[in-house]
Every structure is written in structure tokens, then in C-alpha cells.
Amino acid sequence: QDIKDVTLRQVGTGVSAFNEIAAKAKEDLGITLEMTALDSDATAQRVATQPNSFDIADIEYWMCKKVWPTGNLQGIDTSKLKYYDKIVGIFKDGKLTPESVIAQGSAPHTVGFVENAEDKAFAKEETGFMTLIPTVYNADTLGIRPDLIGRPIESWAELLNPEFVGKASILDVSSIGIMDMAMVCEAMGEITYGDKGNMTKEEIDKTIGIFTEAKKAGQFRAFWKTFDESVNLMASGEVVIQSMWSPAITAVRARGIPCVYQPLKEGYRSWGNGLGLAKHLSGLQLEAAQEYMNWYLSGWVGGFLMRQGYYSAAPETSKLFMSDDEWGYWLEGKAATGDITSPQGQVIEHAGAVRDGGSFYDRMGHVACWNSVMDENQYMVRKWNEFIAA
Amino acid sequence: MDTKRPASFYFLSAFFIVFIIFLYGPTITIGILSFQGPEGGLTFPMRGASLHWFDELFKTQAVGDVWGAFRRSFALGLIVMALTVVFSVMAGMAFRRRFVGATVLFYLIIASLVIPSILVSLGVGLIFSQAGWTVHWLSSGLGAQLTWTLPFGFLIMLAIFNRFNPAYEEAARDQGATAWQTFRYVVLPMIAPSLLGVALFGFTLSYDEFARTLLTAGSRNTLPLEIFGMTTNITTPMLYALGTLTTIFSFVVIGVFIGTLAFAAHRRSRRASDAGKGMV
Amino acid sequence: MTMTKFLRLPDVRSWLLAMPVTLVLSFFLLLPLLMIVVVSFWGATEYSIYPAFQFDNYQFLFGSSVTYQVFLKTFMYTGITWATTLAIGFTIAYFLAFHVRSQTWQTAFFLLCTIPFWTSNIIRMISWIPFLGRHGLANETLIKLGLIKEPLEWLLYSDFAVILAFVHLYTLFMVVPIFNTMLRIDKSLIEAAHDAGASGLQILTNIIIPLTKPGIMIGSIFVVALVMGDFITVRFMSGSQAANVGRLISNDIGLLAYPSAAATSVVLLVTVILTISIMLRFVDIRKEL
Amino acid sequence: MRSPNDLELVAVTKRYGDAVAVDNVSHLFAAGTYICLLGPSGCGKSSTLRMIAGHESVTDGAIILDGRDISKLPPAQRGTAMMFQSYALFPHMSVRDNVSFSLKLKGEDKASRHRKANEMLELVGMGHLADRLPDQLSGGQQQRAALARALITKPQVLLLDEPLSALDPFLRVKVREELKKIQRELGISFIHVTHGQDEALALADEIVLMNNAVIEQSGSARDVFNAPRSEFVARFLGGHNVVSLEGKRYALRSDRTRLVTPGDEGLDVSVTSHEFLGTHVAVNVIGPGDVELTAMVPEEQFYAAPVEPGDSVRIGWTAQDLHLLAG
Amino acid sequence: MRSPNDLELVAVTKRYGDAVAVDNVSHLFAAGTYICLLGPSGCGKSSTLRMIAGHESVTDGAIILDGRDISKLPPAQRGTAMMFQSYALFPHMSVRDNVSFSLKLKGEDKASRHRKANEMLELVGMGHLADRLPDQLSGGQQQRAALARALITKPQVLLLDEPLSALDPFLRVKVREELKKIQRELGISFIHVTHGQDEALALADEIVLMNNAVIEQSGSARDVFNAPRSEFVARFLGGHNVVSLEGKRYALRSDRTRLVTPGDEGLDVSVTSHEFLGTHVAVNVIGPGDVELTAMVPEEQFYAAPVEPGDSVRIGWTAQDLHLLAG
Ligand SMILES: Nc1ncnc2c1ncn2[C@@H]1O[C@H](COP(=O)(O)OP(=O)(O)OP(=O)(O)O)[C@@H](O)[C@H]1O
Ligand SMILES: Nc1ncnc2c1ncn2[C@@H]1O[C@H](COP(=O)(O)OP(=O)(O)OP(=O)(O)O)[C@@H](O)[C@H]1O
Ligand SMILES: [Mg+2]
Ligand SMILES: [Mg+2]
């Protein structure tokens, strides 16, 4: 028996469920990966309710808070991780650099560790057992159409600016959307939050109240739930300002339509993904899964994902798999010296282009909050539903 | 009456034409947009014309597994089709006479038709998760879809048997046929053309079913779920290329269906080429 | 009574024949619905649901004004879609049944109507977007024709768009049963009415409409059931901005709030079953097949 | 003796595509007569009737009633009314509403139209069933309701397409008497399509016998029966033998065909079968040249000297009973 | 003269729920006879036939054929075969396949069963049409194919449910002759359900007249016609008047009812209508006590001294023609 015969079923969001990764894993490790891509909610649901339908869960850290207590995942022994050292601090103690302030919300390190493989409660600091091994993450902000807006945008508050009535959008995924809302409300000076990542009922009511009013006033053209929708809304000019994801910006630009991932003075809303091991994995399968995780952090995948506009959890290892120009453009915020291509080889930027928001440290250093699951999550979700239905 | 057409005829014809355009608008839009140039997007204008997106469709996808989903949907469609035909025929036969509980069962079947799909999906999903079973397109998915195709098949069979003269069966029995032989040699061949209709219905209802499969398909997507998933990840006219291909595929299915009927009819008429040559 | 004798009893035979359908429906329809009812009283945590007997879900449901808005909206969609599909469906069926004279053409036109039905619903729905959008075909055309100056915003992501999509998806469900009933109207009845001096319009109102009622009812049942249970059309075409009951449920499901989804489902189920049973009183489906 | 109320077909032709269903037919239907249009299936009877009613367009020719060409008028303005083979009662209306439908269309108020409908229903003996729906009536009752509905428009000509075919033989005989009675009482023309020759003979003041899209012969029932013009007419009406004598063909009524004793004038034939018909026995025989003949023998006479299949007998006739056929 | 091949109904009853369709009927159908089951609609003819055939269960009683009670046997084992009203030819099989179907079920090989089917088809004169599908045949041809299919099972009793009703009147007379011929050739029993009394009279060796779920009268056609037992029988068979004389009711054949000159014995009546029937004219009259009578007057006699509706006439009869009715 050999790990080459093992098949692993990976379920995850579209963010990183790329068949190229599976193909490369087959090539490098011999492991067969079956990837299923779902939207965030469906992924969380699958992991929480169908423990036997997957071997590896590729989920976001905020989901971790929801699904870990189900006991469907097992803690990962960090001693088995070859590249543990290379993982950036964000995923260990929450600090990108020693002087970083820890952002609000479900920051990865707060749900990143457990005392032992079986424990259902999160540990406060590094323990040697990770819940997820971090893979990709990014700092999100608002996407805008500079050509249609024609003036600089600097604040999250612009999302509710009446100037954009009928031309704004927000995403309809409550855990993420509520953070965007909070950024906006805070920027507008309407609400000062104790902790955006863990709002009180009153704060939730107030936040959603402000947005409900805006909705009724016709501020929003639509809400989007899927990547594709956000791209189309932007590309077709239905919307000029909205919450957006990085590769979506790339997709809009690839069509020759100007689109900016606008850095804002209040900072970014961030998210992170990681791979979790299904509880039922053991023996050869477990070995294969660990092998896969090590491979994941070893650089090739990192490079691949960085070209998508994400960041690798172990950026150093990826450097070997990227050209200097790519490294400079994507990570260091330098102007490109040649054409920048997507992982599929499509040219997406030409020489001279600079990444929106600058370098890795500029961007990840300005994270204002993380996507979150709050204590009042159920209440928030109901309110969110009301907001959508209102 | 082949007198002059009344004015209303022209009005209604115009209405019909507008309706057809309305009906076909999206299909045609999809058709055109699927030939977008490689640079083109999901919306007008066209940026060149090419087969690029069809080509893409046949390459390995960045995300997901369209062809796997297609194969699953196709297989599931065939299974649903077969079960729908068999079960509907059986139920149709049962309903040819009154039996205790027939009315209750009848309304249960009607209920199956009108109860919102999402409820079935939710309910089946709940049962499976509470029982600790794994949802799979071949188990829960199949069952959930049958709750949708069976009522259709059943109602069609009722309609067929409403018009089926029992004298044929009596004649067969008179000739010494057992119940099974009666069914096999007399009833089945006579209802066969209609069964093709039931089969076609069963297949397409399953092939295109979204809501009932949503929570019951398990870890592998069927085609509609995959298409839905693609809207999450694929921002290219490939989606339309897929749409165009599914439409074409549907045409092929109907074509085969109509062809089979025509062939059967042709074969029947050929058996007596001297037809009409003089009758008493 | 021996086993073989028992098996020969007519009722037993019928039940054996009806058994597969009964089993499938019991297991995949009745049991799930029962489960929904049960679960609607359960409690939920973030990630799981636990058995309980509490009315929280219903309390929240009936306690929120949004619930009523959403049900109202659902009825509005249902009502408008029903009226529109009925008007269009009846007209089309009438044209096919009474104005197209050759049977070949009748069949051909009818098939023509059914063909778009074969493209995936989701794709058909999405394809309205390039057509209706702010810079879509419709607006561009209207602007080019000089009919409007500013693009019409309400074409897409609006109730209009939702209803348009419904009409597009479901008119066929009206056309088929009405057409089917109309085909079975004895042509000599029309001639008899002519003979009595009835004009085309009088024939329509006095003869055809009353005789088409069963078909209209069956079509209406289809459309009402489909629209009331929909969740995906509303989501796509309203740009997620509007909600009907189905969406409420699917949102809850998406967020793993099963008991809450179940409670809403129970209310929807009751609503649909009540509505349909009222409609069934007006038509004997078995007779009309 | 032409009256203005006569109905006249002038060179009427009906073509369906290439097929000619009615070929250049001209005929005068005298007012106030009971006319039977008789003929084999597909000969054009229904087409003719439907052209008169206005439910089928006239390809060529004119239809004159009351001195005007009605062939382009809508059915209700022609002065004709039609009774349909399957009655075509509106299933969703009560008998009374069915009958008063045309009055309703004319805008008559409810009280008056119901009164008139009731009167008409009394005439056909259906007064007590006015509130029923058509499917709660027996065939004969439906027939009468349909008759009332047709008559209430006060037509000059009532057109009936096989009005008795849905009834059982027992009822058929009863109802045909009533039809005839009502026609006589109203004094209007009835044009009645049938392919039953007994029905036509019993009812018709005038029989119009069609074949192959043309009128083969017309005249009073008695004239046609006693003097069939062609072999077709003789055979179609029944009750006739066709015999060839010296190269000529004659019609010979089978009740005038007798079994005679050898030696008398006649033909030597052999019995093939006999059928008891109540008052008579039909003796079927086969003669020289395989010609099949039937002799109607009064029942008591037959049983006095019965013959059996295979017996050789001689049949005879009186010369004046031979009727020379054309063609 | 009972033979083992006789078919006997012993106190046979058929109930549908509460409704009694056949009520305690006993009857012996002699082997090798042509029997017509005659009666008005709903009297239980079809139910009786279908019980014999085995397509309807017997609620009570026994059916004896060949000395055994066949009432519980499946249709094919009874020694009966049935010909259905609409023929029920399998539309997807050629005529030959239809006819050889029962042989196929018995496992006979193709060559032999086709040979036998061809023979049977020859017998009914359909040899040349064996390859056709049923819907490519005319009504009469279908009828014969169905006959062949029924006969190939070599039944002792052939059951026919209104076999002629789908044919037009012209064909009906032709085909009934053939039926009779075939029955005579085969020497088996035919039980033929009809509600046409002329059909029954013409065909039957024995008429069994049913009414209200029981047998009202049975006997040879001639016996029944000449000696109807009840008013119902007399009226149903037609050709009879029912007259009351001195508190007793008599049947009187209408061809024995004559128009007589005043003074002769008889009744004074008034003419209501007359119908030309070819050889005779039916003169309908109404007499004292609103009794309706019909006199069949030979045609030439009638027209020699025609009477019109409204005329007063006198009808008479010979005393021996009066037939006393029961009840
Ligand atoms: N709508 C039609 N289209 C084409 N041909 C027709 C149509 N109606 C009748 N015909 C043809 O015209 C001829 C005369 O038909 P018609 O109905 O007048 O006959 P008919 O004498 O009434 O026969 P039947 O006794 O069977 O009713 C037939 O050959 C028939 O096939
Ligand atoms: N399957 C059935 N269920 C209930 N009642 C029936 C059924 N079949 C026949 N009957 C009833 O039984 C009685 C006799 O019916 P049957 O068919 O034997 O009459 P019939 O003499 O053949 O009449 P017809 O001449 O109209 O065919 C009728 O009153 C009929 O309504
Ligand atoms: Mg006709
Ligand atoms: Mg019967």
C-alpha cells in the first residue's frame, strides 16, 4: 500500500478548489484529489452536517468557529508540518509583525489552535494542534468603477453615499456582509462598536437598520451571492461600487473594463482559508492528507494562488515558484516590469502596473477586521434575513 | 369552415409570434453569446465570434467537473426515467379499478406534484442527516427526484388508461393469455408510444431538476447544480456555451424520441403495403 | 385464506402494483414532510440542531413584520403571475386550438412552444440579465429608437423582472392543459352556437371559456404551486433584493438554521395545500385527463 | 307549384382540396316537405347539408332561400337551423338554457326567453326536464332537447344530420314518428340526412338519393321505391332483386318474387339460406350465372311448404313487376 | 334431447353492488344452435354473456358446459370464445398475428400457427388480407378477422356481443347472413347479443328475450313472434298491436290488422299517420281509450284507397289472429 493509491475528497469554496492544484498534486504526490466547489454557506453546511462526505475541508476561518464544535474535524499535529515555521504570524499569534495591532473579528489565530486532536474548544495560543492549516488569505475592500465614478474614493462610507443610489451593491453572505456593513457604519460615524467582530444585539439592530433604510431608499441595485454575480454587476455597469473579492476585480479588468480594488482609509476586511482534516481520517489516508498539507505549504500552490491575487500562508516558500517580477508585483507592491499573467497564462496586467493597495505588508498590515461569527450570530443571521427580505 | 379568416385571426397570429419571440429570446441570446470571442463577456456587445468557449468547455476546468456532472445527470436521468416508467405503469394499472385507499393515494400523488420542491429537498436532507446516512445523488437524490417525476408519469398513465379499452385485455384473456402475457403482448405494445412520452418526461424533468436535488445530491453535483455552482466561479461565456450544448442535447433527445415514433409508425405502415386497395 | 389466494384478491393486487409509488412517496415525501413538522419545533445551535419542543421558531416567524411582508409578496407574485400566465396561456391555446386549422401545424406550433423548455432553467434565467440590464439589449434598443433617454432601471432587479421570468418559465404550464381541454371541445358545439347566432366573442364567453374551465384550473394549480414554492427565480431576478417565502427558507437552510427553515416551511406547506385544495374543489383532475 | 319558401341549390359544388365532395348539384326542395337525403357513406350528404346550414363554404354555385342567395350569410341569418348528429347540446347549460341560448344572444330578457323555451320544450314533450343538464338525459331526451333548440330560432328549414343514429332501434322507430309529426305541425321543411333506407322511406315526402357526389334519383318515397332508376338505387334501397333478361337489367321487388311450382315461368335456382323476418321469410337463392336473389315469402306460406338450404326451387314473377333499369 | 355439449345456466345471478343485473336466471342453450339474446338496453344481456365468457364473475349460480361447472374457470379454459362489440383486434398485430395469438400462447411454432390462422382466415374469406393491420381494414373486414380469432380456439360456444352494431345498415344485412352460414357449417352454438329484433328474428334458431334482469320468453323465432307471452314481448318484437277486449289483452300482428269497411267486426279509429315501408304502408291509428294501433297495409292496396291523418276508419281482424297475453 502506498499513498499513491489514496483518493482524497476535498470540499471547499471556489476560492481555492482549482483542478490545477489537483493535477499538480497527482503529479507530485500521486494522490488523487476530488475537488467539489460550493459557496461559503454550502461548504459550512457540508462540513457541519455531512462528516463522511469529504476527507479534507477547505474552509474559511470564520466557518471554523461554526463547524469545529461539531467534532467533524480533527486537530492537526503541527509536528507533522514541515513548513510550520514558515507560516506567517497572522495565523499563529495574530500579529503580522511584532508591532501589529490585532484586528477585530474572528481572527484566524483565535480559532486556529486546540489543546489536542479531539478537543472541541479553541485554545488561546499556539499549542501544537491546529484546527486548520492556513492556505490562502487576503485583504478585501470595495471595488469601484473609476471611469463611472470619476473621483477618488477613500472611505467605506461611500458605499451608502446617495450619489450612488441604485448603483451600489453588497454581498449577501451574512458573516462577511455584516463586517462590510460595520466598516461602513463606523466610517460614517453612525456607530462606534465595542468589537465589530462580536457585536451586541443593539449594534446589530442599528447596523442593519441603517442598511435597511438605504435599501428602501433604493441605494442598492442588487445583492450578490456568487463571485460571478459580482463580476457581472460590475462589468455591465449595473453597479459602480460594491464589496468585492480580489480575483473578481481581475476578472473585470481582464475584459478591458477599468476596475479598482480601492484601498480605503479605514483599512481592510480580511479573511483566511485553511485545510481541515475530517475526523474519520486515519492510517494511510491520514498520512496522505498530511503529505498533501505539507505539499500545499511547500510553495507551488502558494505561487499559484498568489497569481490569483491571494496570499500564501507561507510566502517564503512560494518565492521559489514565482519570477522576481511576479514576486515584486504581487507581494512587494512594485511596478511590474513585464506582463503579469494569470495562473492560466492569460495576460492580466502590463508592465508598469502596480497592485491596488501596494505591498503585502501595506495591505495585510491594514486589516481592520476579519470575517466573523459572533456570539449573537443566530440573532444576526435572522436580522440579516430580514434585511434581505425587507 | 374554410371561409375567410376573421380579423381576430390576424391579431392572434401576431400575438402568437410575439409570444414565440418572448419564449425564444433568452435561448437565442444564450446561443449568440456562447459564440463570444475569447475576450468577450457574459453581456453584449460581442467581442468577435469564435468557438473558443465551446473549446474551453472541453478542456479541464479550473473549478468543478462539468463532464462528471453531466455524466451523473445523464445516468441519474436514465435511472429516474426507467423507474418512472415502470412505477407509473404499475400505479396506472392499479388505478384501473377502485381499491381501498385509492383516493388517499391519489391525493398523495397530487400533493407530491404541488408541494414546493425546496420542502422536499429540505425534508429529505433532514431525514438523512438525522438518520446519519450520507446523502448521495443515487439514493436521496434519486428519491427526491422521483417525487417529482412520478406524479407526472402517473397522471399521464391515468390519461392513457382512461382511454384504454378493457376489451383488448378481455380478448387476450379469452385467447388464453395469463395476466402477464396479456400485459406483455397486448397492453405494453399498445401503450408503448405513450410510454416513450413518459420516459422523455421523466428524463428531462430529472435532467433539469435543481431544487429537489439541491440538498439531496451529496458530495457530487448533478449538472444543474454544477451550472449553479459555475455561476459562482466561472465568469465567462463558457456558461452559455454549456447552455447551448444542453439545449442541443435536449434537441437530440427529442429528435431521437420523435424519430423512434416515426420509425415505429413507418414500420407499421410498411407491413401492409397494399393498404387501401379495395375494401368491402 | 392461503397466500396465493390472498395475493389474487383484487385489492391486494392493486396495492402491490401501487406499492412502488406508495413507498417512494411515503419515504421521500410524507416522511420528510413529517420530519419538517417535527424539526420546526427543534432548537438550533450554530452548527447543529437538537430535539426539543419549543415554539421559538414560530414565535420569531410570526413575531417579525418581515414575515408578513414576505408572505404578502409571495401572494403578489403568485397573483400577478397567475393572471398573466392565464391571459397569455389562454390566448395562445385558443389560437392553436381554434385558429390553426391543420393538425400538423397545430402540433408543429405546439412543439415550437415547448422547445425552450428544454434549456436549463437557470441558464435561461441568467440570460435575461444581458437582455434587461441597464446597458442591456432592451434598453439600448429603446434608446436607439429614441423612445427613452435614460435606461429603464426597473427592467432588471425588480419585481417586474421577477414576474417576467416567472411568466417566461411557467406560461407553458398554462398552455398545455388549456390546449388539451380545448382540443376536446366538440367542434359541433361551436357550430351549434354559430347556428344560434353567436358572434365570435359570444362563443368565447358563452361556450369556450366555460368548457375550458377544467384546463384553466389545472394550469392554475401548476402555476400557483410552482410560483409559491420558487426561491431561485426571485433571487436571480430581483438581484437578491426581494424575498418570497421560498427564499426565506433557502436563506435559513443556507445558514444551517434548519428549525427556523422548517417552521417557515410548515407555514408555506399549509398555505400551498390550502390554496390548492380550494382550487381542486373546482375540478375533477381524474376526469379531465 | 314553386313557393317563395322553397330552398334551391343551383349548381352547388364543394371541393376539399382536390377531392370533390359535392359535384355541381342542383335541386329544388319544396317548402313544407320532409326530405330525406339518402346515400352511402362518403357520398356527400353531410357536405351538402352543412353548406346549406352555413357551416361549410360553398366552392361554387348558389343556395337560394326566400328568393335570396344565402350561401354567403352566416348560419344564423339564413333562416335555417341545424340539429347535429351528436346533438351538440352545451354540456354546461341546463336544457332550458340550451334552448333559450339563441334568444339570449338576441338580447331577450330572461323571463321572456324562458317562457318561450318552456313552450318549445312542451312541444317536444320535455317540459318537465327543463332544469336538467344534458348528460342527465337519455339519448332520446337529448335528441328532443336538441330539436327544441333548433326549432326555437323559427327556421324555415330544419337540417338534421343523422338525427336518429345514436338511438337504439326501438327508440329510433318511436322518435322518427315524432319527428314527422312535428314537421307536419310546423309546416316547415325538414332536410334529414341518413343512410338508413327504411328511415328514409318511412319519413320522407321526398327522397333525394345521392351517390358519388351527385344526386342519383329523387322523388317521393313510393316513386323511388317502385321505380328505381338504376341498379345502384334498387340495391341501395333494398327489397329489390336485379335480374338480367335478354341483355336488359330489371329491378324486381323481392316481395313480388315468388316460389312457384316447376313448369311456371321463372328461373330454376337453389336455396342458400332463409331468414325469418316476422311476417315474412326471406328466402335467399342463387341462380344461373351466380346471380343472388331473394324472395319474400309470407311467413305462413313458407312454413306450409318450407324449403331448406340446398333445395332446388323455381322462382317466378309477373311480367308487369319487372322494372327496366337505366344503364 | 339434451346433449353433453349443451350450455346451461343454473340460477345465475349477477349483482353490481346493490344493483341486480341478472336475477336468478336458469336456461338451457342447446348445442349447435344460433341463439339470440334480445332485450332493451340495460336488461342484463351483456352481463349474462360476459359471465358465460368468464369476463365477469358470477355472483351466484352455476354455468354448466360439457358437464362441468365452468363458472370459476378462466376464460380460455371454458370452451367458449368471445367476439367483442368493437372487435378488440390488437392494433399492433397483423390480422394473421391476431388470429394466431392464442396458438402462440400455447407455444405452437410459427409455421404451424400461421398455417392454421390462414386456414381460418380463408374460412371467413379474409385470406388475402392476412398481412394487414386492423386499422387498415373496413368495419366488415375487422368483424370477420375478429370472428376468425375467436373461432381458432375451437370453442364449443361462440359468444358475440352486438357484433353488427358497428356496421352500416347495408353491410349489417350482408354480414348477418355470413354469420349464420358459418355457424351452420361449424355446428357449434353461437350466442349473439343484440337489441335489434329484426336481427334476432332473422338469425336465431332460438330467441331468448330478456327484460329487467330475467328471461321474459324464449323459443324459436317463429314461436316467439307468433305467440308473445306478454305485452312487453309483443311490443318489443314490433309488428304487433296490443288490444284489450272484454278485460283481456291480446296481441294482434299488425299485418293481420286490416282496414275494413264499416259494418264489419272491428274498431272505429282515427288515422294519426302513415309510413311508407316499401312493400307495405304502416297506418297508425288511435282508437277508443287512446289505444294506439298500427295496420300494415300492402302498399298497392293502400294507395288504391289512401287514408290521411285525421280520417276515421275501421280496423278489423280475424278472431284466430288474436293471441291472448299473460298478465
Ligand atoms: N373537412 C374535410 N376535408 C376533406 N375532405 C372531406 C372533409 N369533409 C368531408 N370530406 C370528404 O368529402 C366526401 C363527402 O363527405 P360527407 O361527409 O359529405 O359524406 P357523407 O355522405 O355525409 O358520409 P357519411 O354517411 O359517412 O357521413 C368524403 O369523401 C369525405 O372524405
Ligand atoms: N361494471 C358495472 N358496474 C355497475 N353496474 C353495471 C356494470 N355493468 C353493467 N351494470 C349495470 O347492470 C345492468 C345490466 O347491464 P348490461 O350491460 O348487462 O345490459 P345490456 O343488456 O347489455 O344493455 P345494452 O343493450 O345497453 O348493452 C345495467 O343496469 C347496468 O347499468
Ligand atoms: Mg355525414
Ligand atoms: Mg350490452
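Proteins get letters first, then strands, A, B, ... in listed order; numbering begins at 1 in each.
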message = If I measure from the heavy atoms of chain E, does D:His240 come under 4.5 Å with its side chain, its backbone, both, or neither?
response =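 For D:His240, there is no contact with chain E at all, as no heavy atom is under 4.5 Å.
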ask   = Where on D:Pro40 is there a heavy atom nearer than 4.5 Å to chain E: the side chain, the backbone, both, or neither?
value =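 For D:Pro40, no heavy atom lies under 4.5 Å from chain E.
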query = Does any non-hydrogen side-chain atom of E:Glu299 lie less than 4.5 Å from one of D:Asn226?
reply = yes
query = Does D:Glu177 reach the side chain of E:Asn284, with side-chain heavy atoms less than 4.5 Å apart?
reply =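 Heavy-atom side-chain distance check passes, below 4.5 Å.
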message = Is E:Ser220 close to chain D through its backbone or its side chain, or both, or neither, when contacts mean heavy atoms under 4.5 Å?
response = neither
message = Quick check on D:Glu122: does its CD atom have over 12 non-hydrogen neighbours (other residues, nucleotides or ligands) under 6.0 Å away?
response =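 Yes, enclosed.
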ask   = Would the number of heavy atoms belonging to other residues, nucleotides or ligands and lying under 6.0 Å from CG of E:Asp223 be above 12?
value =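 Yes.
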task = Count the heavy-atom pairs under 4.5 Å between each of E:Arg253, E:His280, E:His195 and chain D, then report the option with the highest count.
result = E:Arg253
key: Interface residue of largest heavy-atom contact number with chain E, from D:Arg184, D:Arg176, D:Gln197, under 4.5 Å   = D:Arg176
query = Pick from D:Met296, D:His274, D:Arg256: which one has the most heavy-atom pairs with chain E under 4.5 Å?
reply = D:Arg256
request  = Calculate, to the nearest 0.5 Å, the distance between atoms OG and CG belonging to E:Ser273 and D:Leu203 respectively.
outcome  =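 Here the interatomic distance stands at 10.0 Å.
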key: From NZ (E:Lys180) to CD (D:Glu275), nearest 0.5 Å   =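 Answer rounded to 0.5 Å: 8.5 Å.
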ask   = Any idea which heavy atoms bring D:Ala202 and E:Leu277 closest together, and the distance?
value =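 That would be CB-CD2, 4.0 Å.
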